[in-house]
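Numbers restart at 1 for each chain; the letters A, B, ... are given by sequence-line order, proteins then strands. Please read all numbers here as calculations on a predicted model, not as lab measurements.
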Number of protein chains: 2
Amino acid sequence: MRLPAVVCLLFAVSLSAAANEPPIALVIHGGAGTISREALTPERESAIRADLDRALDAGHAVLASGGSALDAVSAAVVVLEDSPHFNAGKGAVFNAEGINELDAAIMDGSRQAAGSVAGVHRVRNPVRLARAVMEHSPHVMLIGEGAEQFGQMHGIEMVDPAYFRTEERWQQLEAARAREAAQANVAADAYFGTVGAVALDRQGRLAAATSTGGMTNKRWGRVGDAPIIGAGTWADAGCAVSATGWGEYFIRLNVAHDICARFSYRGESLDRAAESVILDRLPELGGDGGVIAMDGQGRIAMPFNTAGMYRGWINTDGSRGTAIFAAE
Amino acid sequence: MRLPAVVCLLFAVSLSAAANEPPIALVIHGGAGTISREALTPERESAIRADLDRALDAGHAVLASGGSALDAVSAAVVVLEDSPHFNAGKGAVFNAEGINELDAAIMDGSRQAAGSVAGVHRVRNPVRLARAVMEHSPHVMLIGEGAEQFGQMHGIEMVDPAYFRTEERWQQLEAARAREAAQANVAADAYFGTVGAVALDRQGRLAAATSTGGMTNKRWGRVGDAPIIGAGTWADAGCAVSATGWGEYFIRLNVAHDICARFSYRGESLDRAAESVILDRLPELGGDGGVIAMDGQGRIAMPFNTAGMYRGWINTDGSRGTAIFAAE
């Protein structure tokens, strides 16, 4: 069923290559963690891959028609936020009070402009609010009710907090509460499912965006790395990154910017820069997770040190794919 | 009056140099901005310098007795938070609702551990709460009421919000409201007065801390760079930075970590790395402000691109000073 679309895409790509158009590329993630092959039924796997494909299609359509990397990452992330399968927007995890508390960020590498929100409860698509903060305020980061007030002034869609609820996430909260009551370890997967996208457009501009519900059973207004510019989200003129994983470690290592600094200042390849941070530095400190990264030529790196990371990509040559486990 | 102390200090330093003890150093700031020589009466200047000296004394006493860089930066910042002359703790600026809304961060370079809080209203010393987040929670960043709840659980001193009020800051809010009503430009100094400290201890550990009330008349839960690890505050094994300035630009440039990345990855001197970011990149983007930075040998850099920056330092050789304007 997917074949005709792929054939059309390859045809379109040959046309565009023939016309010598500058390259475009897109990479997305839906979270890294210990994804168990047993828990992932064929139906669920197929639904997740379909959503990753829809996000790729949405973002790539923007790029193919000459749109901006910023619009492309926003379009891709909105699809993932609207899907109940990922920990962002609908289907986000619950905090300790049984509320969905959402964080997101977006960054335009060509202007090093950024927008970010944390601790919002009623914003259907937090990435759109982060974009509005970047475009329509003098600020980069807004939090809590103030961020929502700003969103309402700028036409950002608000929903009843019940919109975000899925039965599966509620069960995860109940399980986390039971583990806590039994003084068992917090599940390493409590944060699993953050979404993100990185894109290169025909003008050579890079952009990155990340959106998350954070950690199941989180307390005290905890903020992870997703909305922290430099930690979970970063874009500059030559390099862009969106991260997913145990956010505290990503903040402590300034992961997204550190990958780009190694790439730009040390002259490491994108692969090597991303792998140094994710496969060496991160586990040394005790953290886990992964990133998607792209350089100004549209080269993609997707390292992770967990069993799996939901991911999808469309390369500059038009080749595309989705993957979940390491050996794919 | 200050001479005997200086003489004693030099004597102590010669003793310690004779004992071949590893170097210690401390640098602090009380904010960068367009400090006008006219507005700064001799009485006010002398009070500010006295507070800077008290902060240096508090931090250096910790280091000289073999204490940690972390304890030293915390001790120095607490003095500046308690002083009404700086925009942190008592004397913080007011937000648009007439409330003091405080942010702070602290980072231990030896472990790359960090703690950060944003949007708190009742915490006398936000740097102490940031430290508690680092030491007593699995998290790095907590915001709003949740952060205050966490603080209360851990014995952090809470005060009535009226504690933070000074008449001068209230007048600044009134002036900002009047300018806004007249649709005049927001004063570039709306953010002036953030405080911070960076230290090196005898174990060779670096630490950094920053605390602020943010921008006068800020809205919508705006968060600046101070509590953003990598932007306003950073420490690793070989480099540490605390920033002050127009926070949005410091976030967009990931200033604190970028200085350390240039130092570590490019092999630039600390001076050059800090100056590249503060004197070149920051004004290119349209921002202003300054940083204090230190490397693992205790070398200090203090560049700023504004008319002045309140600052003080004690070098590894025991020489010390305070300064306000550029030509000092």
Side-chain angles (χ1 to χ4, degrees), chain A residues 95-97 101 107 111-114 116-119 133 137-151 153 186 215 218-225 227-231 234 236 246-258 260-262 264-268 281 285, chain B residues 95-97 101 107 111-114 116-119 133 137-151 153 186 215 218-225 227-231 234 236 246-258 260-262 264-268 281 285:
Chain A
N95 73 8
E97 285 93 49
E101 197 164 73
M107 190 160 188
R111 297 183 293 144
Q112 270 184 251
S116 157
V117 295
V133 172
S137 90
H139 303 309
V140 170
M141 186 173 198
L142 303 182
I143 62 176
E145 280 177 35
E148 293 185 347
Q149 285 163 17
F150 176 83
M153 287 170 52
V186 172
M215 298 178 83
K218 67 184 175 183
R219 284 194 165 75
W220 310 307
R222 177 260 188 187
V223 174
D225 63 314
I228 305 297
I229 300 299
W234 180 257
D236 57 35
W246 195 339
E248 278 72 12
Y249 292 91
F250 283 69
I251 298 176
R252 291 167 58 188
L253 289 170
N254 209 241
V255 162
H257 181 265
D258 194 39
C260 290
R262 286 163 186 261
S264 301
Y265 297 155
R266 262 192 171 167
E268 292 181 5
R281 296 287 288 127
L285 208 62
Chain B
N95 72 8
E97 285 93 49
E101 197 164 73
M107 189 161 189
R111 299 182 293 145
Q112 270 184 251
S116 157
V117 294
V133 171
S137 89
H139 303 309
V140 170
M141 186 173 198
L142 303 182
I143 62 176
E145 279 177 36
E148 293 185 347
Q149 284 163 19
F150 175 82
M153 287 170 54
V186 173
M215 298 178 83
K218 66 184 177 184
R219 285 195 165 75
W220 311 306
R222 178 261 187 187
V223 175
D225 63 315
I228 304 297
I229 300 299
W234 180 257
D236 58 34
W246 196 338
E248 279 70 14
Y249 292 90
F250 282 70
I251 299 177
R252 291 167 58 189
L253 289 170
N254 209 241
V255 162
H257 181 265
D258 194 39
C260 290
R262 287 164 186 260
S264 302
Y265 297 155
R266 262 192 171 167
E268 292 180 5
R281 297 285 288 128
L285 208 61

Steps toward salt bridge (Lys or Arg N to Asp or Glu O under 4.0 Å) verdict (Glu101(B), Arg222(B)):
CA-CA 9 Å; Glu101(B) 197 164 73; Arg222(B) 178 261 187 187; over 6 Å; no

* Asked: Checking side chain to side chain contact (heavy atoms under 4.5 Å, CB included) for the pair Ile228(B)/Met141(B): CA distance, chi angles, key distance, verdict?
  -> CA-CA 9 Å; Ile228(B) 304 297; Met141(B) 186 173 198; 4.3 Å; yes

Turns out that what part of Leu285(B) lies under 4.5 Å from chain A's heavy atoms comes down to side chain

Most contact-rich option vs chain B, by heavy-atom pairs under 4.5 angstrom, among Val117(A), Ile229(A), Val133(A), is Ile229(A)

To the nearest 0.5 Å, atom CG of Asp258(A) lies from atom CG of Asp258(B) at 10.5 Å

Counting heavy-atom pairs under 4.5 angstrom with chain B, the leader among Gly267(A), Pro138(A), Cys260(A) is Pro138(A)

Greatest number of non-hydrogen atom pairs under 4.5 angstrom with chain A, of Ile143(B), Asp236(B), Leu253(B), falls to Ile143(B)

Return yes if some donor-acceptor pair links the side-chain N/O of Gln112(A) with the main-chain N/O of Arg252(B) below 3.5 Å, else return no. yes

For Ser116(A) and Pro227(A), the nearest pair of non-hydrogen atoms, with its separation, is OG-O, 2.6 Å

Under 4.5 Å to a heavy atom of chain A? For Ala231(B) that would be neither

So, the part of Asp225(B) with a heavy atom under 4.5 Å from chain A: the answer is neither

